[in-house]
Amino acid sequence: MKTDAKFVWFDDKGEGRNLYAAFRKNFVCRASVSKAVISVFADSAYHLYVNGQFVNFGPARFNPKFPEYDTYDITTLLITGKNTISILVNYFGTKTYKNIENCAGFIAWGKAVLKNGKTITFDTAVTEWKTSKIEAYDKDAPKLSFALNPMEIYDQKKELKDWKKTDYDDSSWACAFALENQNCWGKLLARSIPFLSETEIKPEKLLGIYPLKREERSFSFKVPVPEFYIRKQETGDTKKQYIFFKTWLHSPVKQNITVGLFWGEYWLNGKEIGNRIHSENSSLRYNHRISLEAGWNYFFGYVTVYLDEFSFYINLPADSGVEPYAQKDISCPYSFSYTSVLRQSDFDKISKSGFPLPDDLYKDLNWNLWNRNRTAGNPGRENDLDFYGEKFERLGIEDLQNHIFKKDDYPDGIAIVLDLGKTSLVRIGLGAEGVRNVIVDFSFSERLHHQKKLLLYLNHAYHASARVFFSENSVYWETFHHYGGRYVAITFRNLKQDIKITNLKFISANYPVEQK
């Protein structure tokens with residue numbers, strides 16, 4: 001491989017967590033194309049489109065010292081007239097077992113030879129590529145697990161509609177920036193393994209369609225911890241980090257209730273909450289029985305940070321009337337107060353005073369407030385904490401297409417559970433109508449929960465989920481990444497009207513093998 005192409009990005013640094021960048025190359029073929037080939041590499045993952053048509057994804061898993069590029073023959077995809085090559089790149093920007101954290105970047109080279117003898121080059125060095133940062137994906141999305149990349153949490157309101165198409169107006173886009181450090185990667189090598197397939201597979205069974213039930217109300221907040229891995233890599237500091245948090249639980253009456261919490265140490269009205277028991281219905285929950293006084297009850301806790309994003313959830317019985325407030329005021333617009341991340345040395349110093357913290361220590365900590373109308377937005381945790389009613393519709397796989405789900409039948413939402421027949425690596429494509437302002441979650445598992453009938457088993461080590469917030473009434477959307485599992489749950493939340501599934505695709509990624 002020999003090229004003068006440069007690594008480019010939407011800025012010259014290529015730094016950040018869970019970044020998405022779009023790139024476009026527009027050109028005009030004034031004659032038919034004899035041959036067109038393009039080579040592509042991106043850190044960490046890319047999708048390639050030509051004239052709006054999906055071509056493939058890549059690259060193969062790589063060490064930055066030995067990056068491998070992909071080469072595509074796109075001759076048949078080009079036309080006489082205007083053409084566009086589009087690339088969507090996701091840079092993980094966090095430690096995973098799939099990649100080595102490095103630098104965001106994209107590079108391409110190649111050419112189209114026309115039958116009139118003219119040549120059009122695709123190099124990111126000598127031709128103009130345009131770029132835009134994609135804001136629709138949540139950069140602070142929680143990771144799929146300690147070993148994998150961040151989830152896809154996509155907000156359709158922020159999308160650049162139809163940006164992959166040839167007739168899209170990209171005049172407001174910037175020209176791609178050459179990265180300041182062109183030496184983040186070693187010598188580019190040709191891909192050493194075959195491309196994975198993009199074949200559509202059919203689920204084997206529809207295990208059930210379940211109505212969601214709001215037996216509890218969930219309150220939450222999240223704290224990004226971007227330095228979690230950087231600290232360990234650059235300073236060698238492997239000691240623990242902590243977050244303190246507090247709220248006032250307002251109860252209309254004196255009562256005993258069962259609350260759902262996750263890992264952490266908790267105190268209520270100055271007394272430590274003990275006797276927790278692991279939930280039989282949720283792998284990400286511990287049940288605690290607490291006694292509340294009528295009026296205000298002080299709840300305090302701390303947790304050890306274990307990922308580069310921390311999500312806290314508390315589930316309260318829906319009929320209890322209990323509400324959390326960051327301050328002792330029912331008009332308070334905030335639900336929680338929480339500190340910035342504390343190092344081990346700070347924690348040790350503070351903890352000498354005992355828990356919950358004495359009042360004179362509060363002023364010395366940097367407290368943040370969380371708005372009552374927001375949630376932590378961790379679909380993996382929230383899908384595991386869901387309650388379900390009895391199913392009352394009997395449908396087969398073939399019946400899902402164009403089936404209308406009545407809002408009156410599913411006022412709190414729907415969970416559709418499918419069996420792919422075997423563990424598979426898939427992307428999901430969903431077409432639907434009636435989904436404006438609806439939240440759709442996709443969850444994957446290799447196991448079913450023994451207590452939840454035919455529902456998915458999710459755990460703290462691997463809660464593979466993706467989420468999309470739809471802002472349009474009629475949509476088609478595909479996940480960017482592939483997800484592994486045998487069982488898939490598609491959950492629709494916040495229904496505003498009847499909805500209809502118009503298209504449901506499972507796009508499998510397998511190595512091309514010949515069965516002997």
Side-chain angles (χ1 to χ4, degrees), residues 1 3 5-10 20-60 68-90 105-116 118-132 134 136 159-171 173 175-176 188 190-191 194-200 427 429 476-482 505 507 509 512:
M1 165 257 173
T3 179
K6 300 287 187 184
F7 286 96
V8 297
W9 197 242
F10 56 67
Y20 282 80
F23 298 90
R24 282 171 56 92
K25 163 66 180 170
N26 298 310
F27 56 97
V28 176
C29 295
R30 303 197 181 278
S32 56
V33 180
S34 295
K35 186 74 172 178
V37 174
I38 186 170
S39 295
V40 177
F41 169 79
D43 196 337
S44 308
Y46 74 83
H47 283 195
L48 169 66
Y49 301 83
V50 175
N51 292 333
Q53 180 176 333
F54 177 75
V55 177
N56 215 327
F57 66 93
E68 295 191 353
Y69 64 87
D70 302 326
T71 299
Y72 303 98
D73 187 329
I74 58 173
T75 307
T76 59
L77 300 176
L78 300 182
I79 62 173
T80 302
K82 185 178 179 181
N83 293 269
T84 301
I85 298 173
S86 306
I87 306 277
L88 178 60
V89 179
N90 173 214
F106 157 65
I107 189 170
W109 65 94
K111 63 183 178 180
V113 179
L114 309 185
K115 290 185 177 178
N116 64 3
K118 301 291 185 179
T119 298
I120 298 171
T121 60
F122 304 141
D123 297 14
T124 47
V126 298
T127 57
E128 185 178 271
W129 282 79
K130 294 198 136 186
T131 186
S132 178
I134 299 294
E159 76 176 0
L160 300 175
K161 189 175 177 60
D162 297 329
W163 71 268
K164 307 177 190 77
K165 295 183 177 180
T166 305
D167 58 358
Y168 177 81
D169 181 7
D170 61 12
S171 59
W173 287 29
C175 292
L188 285 159
R191 186 183 181 111
F195 287 103
L196 277 68
S197 67
E198 278 279 291
T199 55
E200 186 176 349
R427 287 192 299 120
Y476 179 77
W477 188 77
E478 289 184 359
T479 59
F480 180 90
H481 291 289
H482 292 81
K505 295 200 303 185
I507 307 162

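Residue indices begin at 1 and follow the sequence shown.
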Heavy-atom closest pair, residues [X] and [Y]:
X	Y	result
Ala31	Lys115	CB-N, 4.5 Å
Glu478	Tyr476	OE2-OH, 2.7 Å
Ala112	Leu78	CB-CD1, 4.1 Å
Arg427	Phe480	CD-O, 3.3 Å
Glu128	Cys175	OE1-SG, 3.5 Å
Ile134	Ala21	CG1-C, 4.1 Å

Problem set entry | Stepwise side-chain hydrogen bond (donor to acceptor under 3.5 Å, both in side chains) check, Asn26 with Asp170 | CA-CA 10 Å; Asn26 298 310; Asp170 61 12; 2.7 Å; yes

Would you say the side-chain atoms of [X] pair up with the backbone N or O of [Y], donor to acceptor, closer than 3.5 Å?
X	Y	result
Asn51	Leu77	yes
Thr124	Ala5	no
Thr479	His481	yes
Ser86	Lys164	yes
Asp162	Leu160	no
Arg24	Thr84	no

Can you measure from [atom1] ([X]) to [atom2] ([Y]) and round to the nearest 0.5 angstrom?
X	Y	atom1	atom2	value
Ile507	Lys505	CD1	NZ	4.5 Å
Lys25	Thr131	NZ	OG1	14.5 Å
Leu88	Phe54	CG	CZ	10.0 Å
Asn116	Arg30	CG	CZ	10.0 Å
Ile107	Leu188	CD1	CG	5.5 Å
Phe23	Lys130	CZ	NZ	14.0 Å

Do [X] and [Y] have side-chain heavy atoms sitting under 4.5 Å apart?
X	Y	answer
Thr75	Val37	no
Ile85	Ile38	yes
Trp163	Ser132	no
Val113	Val33	no
Tyr49	Ile87	no
Leu114	Ser32	no
Tyr20	Val89	no

Exercise. Aromatic rings Trp173 and Tyr168: how do their planes relate, parallel, tilted or perpendicular, breaks at 30° and 60°?
Worked result: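 Ring orientation of Trp173 relative to Tyr168: perpendicular.
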
Measure from the ring center of [X] to the ring center of [Y] and say whether it is less than 6.0 Å.
X	Y	value
Phe195	Tyr72	yes
His482	Phe57	yes
Phe106	Trp129	yes

Exercise. Is there a side chain to side chain contact (heavy atoms under 4.5 Å, CB included) between Phe41 and Tyr46 once you walk through the steps?
Worked result: CA-CA 8 Å; Phe41 169 79; Tyr46 74 83; over 6 Å; no

Exercise. With Ser39, which of Asp123, Asp70, Thr71 fulfils side-chain hydrogen bond (donor to acceptor under 3.5 Å, both in side chains)?
Worked result: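 With Ser39 as partner, Asp123, Asp70, Thr71 yield a single side-chain hydrogen bond (donor to acceptor under 3.5 Å, both in side chains), made by Thr71.
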
For this session: Check the pair Cys29, Asn83 against side chain to side chain contact (heavy atoms under 4.5 Å, CB included), reporting the backbone distance first and the verdict last.
Result: CA-CA 7 Å; Cys29 295; Asn83 293 269; 3.5 Å; yes

Exercise. Does atom NZ of Lys82 have more than 12 heavy-atom neighbours, drawn from other residues, nucleotides or ligands, at distances under 6.0 Å?
Worked result: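 Yes, NZ of Lys82 has more than 12 neighbouring heavy atoms, counting only those of other groups under 6.0 Å.
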
